[in-house]
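As structure tokens, the structure follows; a few thoughts come after it.
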Amino acid sequence: MKPPKAVTTTTEEQILRKQPPSPPPQPPRVESMLQWWRRWTVLVAAIWIQAFTGTNFDFSAYSSDMKSSMGVSQSRLNYMAVASDLGKALGWSSGFAIAYFPVPAVLFAAAAMGLVGYGVQWLSIADVIDPPYSLVLVCCSLAGLSICWFNTVCFILCVRHFDSNHSLALSLVVSFNGISAALYTLGHEAIGGKSSASSDIYLLLNSLIPLIVSVLALWPVLTDPNSSEPHDTSRTRDETRIFIVFNALALITCFYLILPSSDTYLASSPRWHFLGAILLLLFPLCVPFLDYIHRALQSCFHHRSSGYAVVNIEEPKILKNVTFKLEEEYCDKLRLGDEHSLGMLVRRLEFWLYYIAYFCGGTIGLVYSNNLGQIAQSLGQSSSDSKSLVTLFSAFSFLGRLLSSAPDFTRKKLYYLRRTGWFAISLLPTPLAFFILAYSSKAYQTALLQLATALIGLSLGFVFAAAVSVTSDLFGRNSVGVNQNILITNIPIGSLFYGYMAGSVYDTNASLGTKSVVLDSVVCVGSNCYFVTFLFWGCLSVLGFVCSLFLFIRTRLVYHRLERNRI
């Protein structure tokens, strides 16, 4: 009798024998494609909403005319920008609204607040009514609150419809909020002409355009997130491919908006330039169809593979992840990356380092954008030059927001930087720009002003877009809604502090130095109007950069743990 053969088949060989060769991809069905395309229209609708509701970034384009129309000082004008930021401090109310009301109701409530908030300001600057200053402050707060409600609607749409790729959807959508000022500048020039000095068109567009966009976005917003096809690996790859195309289109849009500073034909024809920008915002609707054609052709010309089976390599990773989690159960101490309540958050040194870095980085850039009109005016820039600076700031803010996704694309190549390391790098251009503004010579004043504006816009955009991901990583994903609203309380505080300081220095130099009277307001002229302000802001932004470096050093282990959880 022959002895039985030894069993030499390993577990890996059994897996290879059980798994059949992967079949070639089948051409997608038209019905599922139409259903899938409608889900992408939700993302495009969120892009439209974000692109036309960042109305706080064009404040400097009409602030000088608002100051002259109301006959207020620079300090009182800055309080109007502070009032808009105070409205954002109530942004948490949108979270409660979205929990009890349907998304379209919240969307149109935001549009109604913007219509009233900017509409009253437009009636004031157009000399139709003469509202008291306190009512204008209330309207500014209402307009700022409407922006938070619009943002919440877009965040909810991205999370509900793109569960597996919600981070890519959020970073892309938030990026488009930075181009609002450029779009409204193009719209102003298309209506009133490139040399138009009237700024009341800005406020009219700010009040009407978000309402019109909300009506256009209603059909995609009503899409049921549960009507999409079930999640699978191939669908996730298809989504990632389309997100790459969308980001490439966003970069094209960014550089297209910088054309006003060039000598191209589009730059000299505002209507054609504005029409081109609208077409670039509409083109993403075609991308899913082009991807469908690509996949259909790929399935027709696909050759069968060589017969090698695909081994499921996820099992060892899952086991490693489970083992690592079991090791963590023995540690009862709350660490960064776990869910943080309000009490736990304020006791964290890392939170306060993060808070100061944001306060001395992104918030200063926002206040600079609010004062950009008066800064350009004090340096002898014309009204059209001021609008070009607003467009430049908006375009580079958009570029900075797009670059905030760099940690996700370079996670393996630049692993040692982490997300907080990128956050620290993004704060470097801000102090450099302020010191350039403070010590710029008159011969190169215009060019250096443009350079500094571009650097601050780039830094501000990166900080604003990256902050949500950093908060989620350090203090818990489920608590990010509350914790992020706690973090951005530094915006109204910084807006009040920095704005009051800049307005006081401006008014003091206007009374002591060179000045001119425009209607009922006093305008400061000369580099001394903001010299002390630029030095002060530059030193504070250096402090913010130092705090971000300490934050990076203290959070390296956190990202090491997060990376091990991904393996």
Side-chain angles (χ1 to χ4, degrees), residues 171 335-338 340 344-368 396-397 399-401 403-438 452 454-476 480 483-484 486-491 493-494 497-498 534-564:
S171 62
R335 296 153 301 177
L336 288 177
D338 297 333
H340 283 61
M344 298 173 183
L345 190 72
V346 297
R347 291 195 297 267
R348 278 287 180 187
L349 175 61
E350 289 82 5
F351 170 74
W352 291 111
L353 289 173
Y354 184 31
Y355 194 92
I356 296 173
Y358 198 110
F359 180 80
C360 298
T363 303
I364 287 184
L366 180 61
V367 177
Y368 172 82
F396 275 87
S397 174
L399 181 61
R401 291 167 187 258
L403 292 177
S404 66
S405 60
D408 297 321
F409 290 103
T410 60
R411 183 164 53 88
K412 295 181 179 180
K413 295 180 180 179
L414 298 176
Y415 175 73
Y416 55 91
L417 273 180
R418 323 293 184 176
R419 197 179 297 276
T420 48
W422 285 99
F423 185 85
I425 293 174
S426 69
L427 295 179
L428 270 176
T430 301
L432 177 63
F434 283 129
F435 291 136
I436 288 175
L437 288 171
L455 289 175
I456 296 174
L458 187 70
S459 176
L460 174 69
F462 195 106
V463 169
F464 274 16
V468 179
S469 299
V470 174
T471 304
S472 174
D473 290 345
L474 298 185
F475 308 113
V480 65
N483 293 338
Q484 182 65 16
I486 296 173
L487 173 69
I488 63 174
T489 55
N490 75 84
I491 293 181
I493 297 174
F497 175 64
Y498 299 135
F534 290 151
L535 283 182
F536 182 67
W537 287 356
C539 293
L540 280 178
S541 56
V542 170
L543 174 62
F545 173 70
V546 172
C547 289
S548 67
L549 283 181
F550 280 112
L551 178 67
F552 166 60
I553 294 172
R554 292 182 62 89
T555 56
R556 286 181 299 174
L557 295 179
V558 180
Y559 280 93
H560 178 67
R561 186 165 67 92
L562 291 174
E563 188 66 25
R564 289 184 63 183

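Predicted, not measured: the structure shown is a model, and the values here were computed from it.
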Side-chain contact, heavy-atom cut-off 4.5 Å: W537 with L437?
-> no

For residues L458 and F462, determine if any side-chain heavy atom of one lies less than 4.5 Å from a side-chain heavy atom of the other.
-> no

Polar contact flag, side-chain donor to acceptor under 3.5 angstrom, T420-Y354 | no

Indicate the atoms forming the closest heavy-atom contact of [X] with [Y], along with that distance.
{"X": "G544", "Y": "A357", "value": "O-CB, 3.5 Å"}
{"X": "G494", "Y": "V367", "value": "O-CG2, 4.0 Å"}
{"X": "R401", "Y": "G461", "value": "CG-O, 3.1 Å"}
{"X": "S404", "Y": "R419", "value": "O-NH1, 4.5 Å"}
{"X": "C539", "Y": "F435", "value": "N-CZ, 4.0 Å"}
{"X": "L427", "Y": "G362", "value": "CD2-N, 4.5 Å"}

Can you sort out the partners of L345 under side chain to side chain contact (heavy atoms under 4.5 Å, CB included), two or more places apart, ordered by chain and number?
-> H340, F351, F475, N483, I486

Go through the structure and list residues passing side chain to side chain contact (heavy atoms under 4.5 Å, CB included) with L353, not counting sequence neighbours.
-> L349, C547, F550, L551, R554

Please step through side-chain contact (heavy atoms from CB on, under 4.5 Å) for the pair F434 and I456, ending with a clear verdict.
-> CA-CA 8 Å; F434 283 129; I456 296 174; 3.7 Å; yes

Applying ring-ring contact (aromatic ring centres under 6.0 Å, His included) to F396 and not counting sequence neighbours gives none

Under the ring-ring contact (aromatic ring centres under 6.0 Å, His included) rule, collect the residues that match up with F359, sequence neighbours excluded.
-> Y498

Can you tell me how far the CZ atom of F545 sits from the CG atom of L432, to the nearest 0.5 Å?
-> 11.5 Å

Value for CG (L474) from OG1 (T555), rounded to nearest 0.5 Å, stands at 6.0 Å

Can you sort out the partners of Y368 under side chain to side chain donor-acceptor pair (under 3.5 Å), two or more places apart, ordered by chain and number?
-> T453

side-chain hydrogen bond (donor to acceptor under 3.5 Å, both in side chains) pairs, two or more places apart, involving residues 355-367 | Y355-T489, T363-N490

Please list all pairs passing the side-chain hydrogen bond (donor to acceptor under 3.5 Å, both in side chains) test where one or both residues lie in residues 424-433, with sequence neighbours left out.
-> T430-S459

